[in-house]
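Encoded as structure tokens, the structure appears first; notes follow it.
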Amino acid sequence: MSEISKEPTEEKSLNFIEQIIEEDLRNNKHGGRVLTRFPPEPNGYLHIGHAKSICLNFGVAQKYGGGTNLRFDDTNPVTEDTEYVDSIKNDVQWLGFQWVNEFYASDYFDSLYEYALVLIRKGLAYVDESTSEQMAAQKGTPTEPGTNSPYRDRTPEENEALFVRMKNGEFAEGTRTLRAKIDMAAPNMIMRDPVIYRIKFAHHHRTGDKWCIYPMYDFAHGQSDSIEKITHSICTLEFIPHRDLYDWCIEKLEIFPSKQYEFARLNLTYTVMSKRKLLQLVNEQHVTGWDDPRMPTISGLRRRGYTPESIREFCDRIGVARRDNLIDVSLLEFCIREHLNKVAERRMVVLDPLKVILTNFPEGQVEICHSENNPEDPNGGIRDIPFGREIYVERDDFMEVAPKKYFRLAPGQMVRLKSAYIIKCDDFVKDEAGNVIELHCTYIENSKSGSDTSGINVKGTLHWVSVKEALPIEIREYDRLFTVEDLSTAEGDFKEHINPNSLQVITGYAEPALKEAAVGAKFQFMRKGYFCLDPDSTADHLVFNRTVGLKDTWGKVAAK
RNA sequence: UGGUGGAUGGUGUAAUGGUAACACAGAAGAUUUUGGUUCUUUUAUUCAGGGUUCGAGUCCUUGUCCGCCAACCA
């Protein structure tokens, strides 16, 4: 313990957000206060991209002695639902973060309504009766200025009366909006009199039917930040053009000046990261649900076997900057391997069995072998593994004709069975189709693991399972969901690139110790990969998800 | 073509005018009762041209390429 504090504290360079905060702290900008917020819209499940934002917002606040609010940006009742609220809260906590306040933009509907009135009275907002098509035409284009709405010059009194009637439900959906009166020639299209309130006769998941007018994002977000006195409002790059409007509202309303800062969102190879697309995958049943282990959602990764630690580590390693990026998914895989290597107990499971008969081992005899649960953990303990005359080994651990550097079984070749004996392959049996169906081997009696006096050195060590005690388990092997690295530049619809073989279900044969596993428990199946017990499991039908395979240097060599 | 934000190895992130660093991926080797882990070694004239400077990835300038913005979505 004391050693840790002695270690030279490696000066890790600050990301640009941390630099801004330190600068603000130096200038005593908010009296040393740091308050961030994580503001998801409850219209879908959180994904690994949100994890980056969560780690940033909570992480940076933690680092500087501040806090973070969880705020649901629920200004659009037609897409939002409490199901999503619950999953989001669960995911944030699972990642290891705790918010100081749980807020909802809808908590502020009354205040927001008052703010709208303020703007109206200042002559800075007006009720428009243009259709959305007309409004689009008024907008102009990036190269041509827009034109004023014919309703733009109504008096504040007129506007207030109209707005109240909107609120009272006197107008049909789509017939009126409240618009900020800014500049139809503004170079920033967002500033060309943006709609800030619209009519929706929709049931809201929290406010029910109290309202039939709802604020737009731009009229809710900055004000919500301001109401909560958020010091640093961190969002993604696509909101850069909105910053002008964010500041405009705060300035005209003369409220607490929260500031918006933008960073580049996460993109990952071989997957998509937009809620719209993820929703499509779910709805069209390309996956089994938001928590399908192939999904880049937090719930999917969790079910896949990812740990919060590994995801936080990943977010830490990818950094924070303002340039677009496409992170190699192998970095995520590295992070989960790194963590699981330290904490996951080892088990032996044969995924593609080939029977081996030890011809010199007494029939019916069971011998107990002992194996360490985790070589990386000296306190991990040991477990018993039954050994007998008939065992399974992996089918690809035998070759009739062995290539040069093949250290496994082949006629005449010797290997060690992990935690048991060295065996020698004497013979093999084929079926009529020419497939090898059985190996005949002899075991070296004085070669037992831990008390080996044989003096024999073998290059290969195999995992194995005793046939009699073998426990059949279902194994779900996952591969990347898409076949192309970069979906953003891929031709055609993203669904054309779905990997048809992203899931393979097989039956594996496990050592009996695995029977005790609890749902979510994570193991390394030796020489195969990391697996965790899926919630679909029952007492006599265990289902394991492959989280990630082990690095396979032989596989690469063999492929050549 | 209007506005706006970018550009550093295959992928990310640093270097805040002073030796281009770290990680992942790849390659080679050592160790290993997991072909895992661990440990070595290896991989860049910083988008291009011009300028300022003793010195430029960093400052200035011109150009090129990429992202985002014309929802009553967030």
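The sequence lines fix the lettering, A, B, ..., with proteins before strands; numbering per chain opens at 1. Every value quoted in this text rests on a predicted model; they were computed, and no experiment measured them.
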Remember a base hit wins even if backbone is also touched, and classify [X] as base, sugar-phosphate or nothing at under 4.0 Å, heavy atoms.
X        : value
A:Tyr197 : nothing
A:Pro145 : nothing
A:Lys200 : sugar-phosphate
A:Leu237 : nothing
A:Ser449 : base
A:His221 : nothing
A:Val78  : nothing
A:Lys551 : sugar-phosphate

Q: Check the pair A:Glu367, A:Lys448 against salt bridge (Lys or Arg N to Asp or Glu O under 4.0 Å), reporting the backbone distance first and the verdict last.
A: CA-CA 11 Å; A:Glu367 184 168 338; A:Lys448 187 161 185 192; 2.7 Å; yes
Does [X] contact [N] through a side-chain donor or acceptor facing the base, at a distance under 3.5 Å?
X        : N     : result
A:Arg416 : B:U33 : yes
A:Glu238 : B:G5  : no
A:Ser419 : B:U33 : no

Q. With nearest nucleotides of RNA chain B determined for A:Leu332 and A:Met526 from heavy-atom distances, which residue corresponds to the more 5′ nucleotide?
A. A:Leu332
**Q.** First of A:Arg317 and A:Thr79 reached from the 5' end of RNA chain B, by closest nucleotide
**A.** A:Arg317
Taking only side-chain N and O atoms of [X], does any of them lie within less than 4.0 angstrom of OP1 or OP2 on [N]?
X        : N     : result
A:Arg198 : B:C73 : yes
A:Thr75  : B:A74 : yes
A:Arg322 : B:G6  : yes
A:Arg323 : B:A7  : yes
A:Lys556 : B:G26 : yes
A:Thr553 : B:G36 : yes

(Q) Just to be sure I understand the geometry, which residues of residues 165-176 of chain A put a non-hydrogen atom under 4.0 Å away from RNA chain B? (A) A:Gly174
Q.
I need the residues from residues 335-347 of chain A with at least one non-hydrogen atom less than 4.0 Å from RNA chain B; give them sorted by number, or say none.
A. A:Asn341, A:Arg346
Counting only side-chain heavy atoms from C-beta out, which of [options] sits nearest to [X]?
X        : options             : result
A:Asn325 : B:G12, B:A74, B:G3  : B:G12
A:Glu41  : B:C73, B:U34, B:A14 : B:C73
A:Val195 : B:C72, B:A70, B:G26 : B:C72
A:Ala321 : B:U34, B:A14, B:A71 : B:A14
A:Ile318 : B:A14, B:G12, B:U34 : B:G12
A:Thr141 : B:A25, B:A70, B:U13 : B:A70
A:Phe239 : B:A74, B:G35, B:U33 : B:A74
A:Ile327 : B:G12, B:A74, B:U34 : B:G12
A:Gln19  : B:G12, B:A15, B:U37 : B:A15
A:Tyr217 : B:A14, B:A74, B:G2  : B:A74

How far, in whole Å, is [M] from [N] if one measures between their [atom1] atoms?
N     : M     : atom1 : value
B:A20 : B:U46 : P     : 11 Å
B:U16 : B:U58 : C1'   : 8 Å
B:C65 : B:A48 : P     : 15 Å
B:G26 : B:U32 : P     : 24 Å

Q.
How close do A:Lys275 and A:Asn43 get, counting heavy atoms only, and between which atoms?
A. NZ-OD1, 2.7 Å
Is the [X] to [Y] ring centre distance short of 6.0 Å?
X        : Y        : result
A:Tyr214 : A:Phe109 : yes
A:Tyr45  : A:Tyr84  : yes
A:Phe407 : A:Trp554 : no
A:Tyr217 : A:Phe239 : yes
A:Phe531 : A:Phe544 : no
A:Tyr126 : A:Phe163 : no
A:Tyr270 : A:Phe482 : no

Give the rounded distance in Å between these two atoms: [atom1] of [X] and [atom2] of [N].
X        : N     : atom1 : atom2 : result
A:Ile190 : B:G2  : CD1   : C1'   : 14 Å
A:Asn267 : B:G6  : CG    : C1'   : 14 Å
A:Ile240 : B:A74 : CD1   : P     : 20 Å
A:Phe407 : B:U34 : CZ    : C1'   : 14 Å
A:Trp554 : B:U32 : CH2   : C1'   : 17 Å
A:Arg243 : B:C68 : CZ    : P     : 18 Å

(Q) When both hydrogen-bonding distances must be under 3.5 Å and the geometry is Watson-Crick or G-U wobble, what is B:U4 paired with, if anything? (A) B:G67
Q) So which nucleotide does B:U40 pair with, by the Watson-Crick or G-U wobble rule with both distances under 3.5 Å? A) B:A28
**Q.** Working for salt bridge (Lys or Arg N to Asp or Glu O under 4.0 Å), residues A:Arg317 and A:Glu338
**A.** CA-CA 13 Å; A:Arg317 282 172 180 259; A:Glu338 185 188 44; 3.6 Å; yes
Q | Within 6.0 Å of NZ in A:Lys63, more than 12 heavy atoms from elsewhere | A | yes
**Q.** More than 12 heavy atoms of other groups within 6.0 Å of A:Lys259 NZ
**A.** no
Q: Could you check A:Lys200 against A:Glu173 for salt bridge (Lys or Arg N to Asp or Glu O under 4.0 Å), going step by step and ending with a plain yes or no?
A: CA-CA 6 Å; A:Lys200 274 181 195 282; A:Glu173 259 184 55; 5.7 Å; no
Q: Apply the test salt bridge (Lys or Arg N to Asp or Glu O under 4.0 Å) to residues A:Asp193 and A:Arg152: give CA-CA distance (whole Å), side-chain angles for both, the deciding distance (0.1 Å), then the verdict.
A: CA-CA 9 Å; A:Asp193 287 13; A:Arg152 197 174 198 261; 2.7 Å; yes
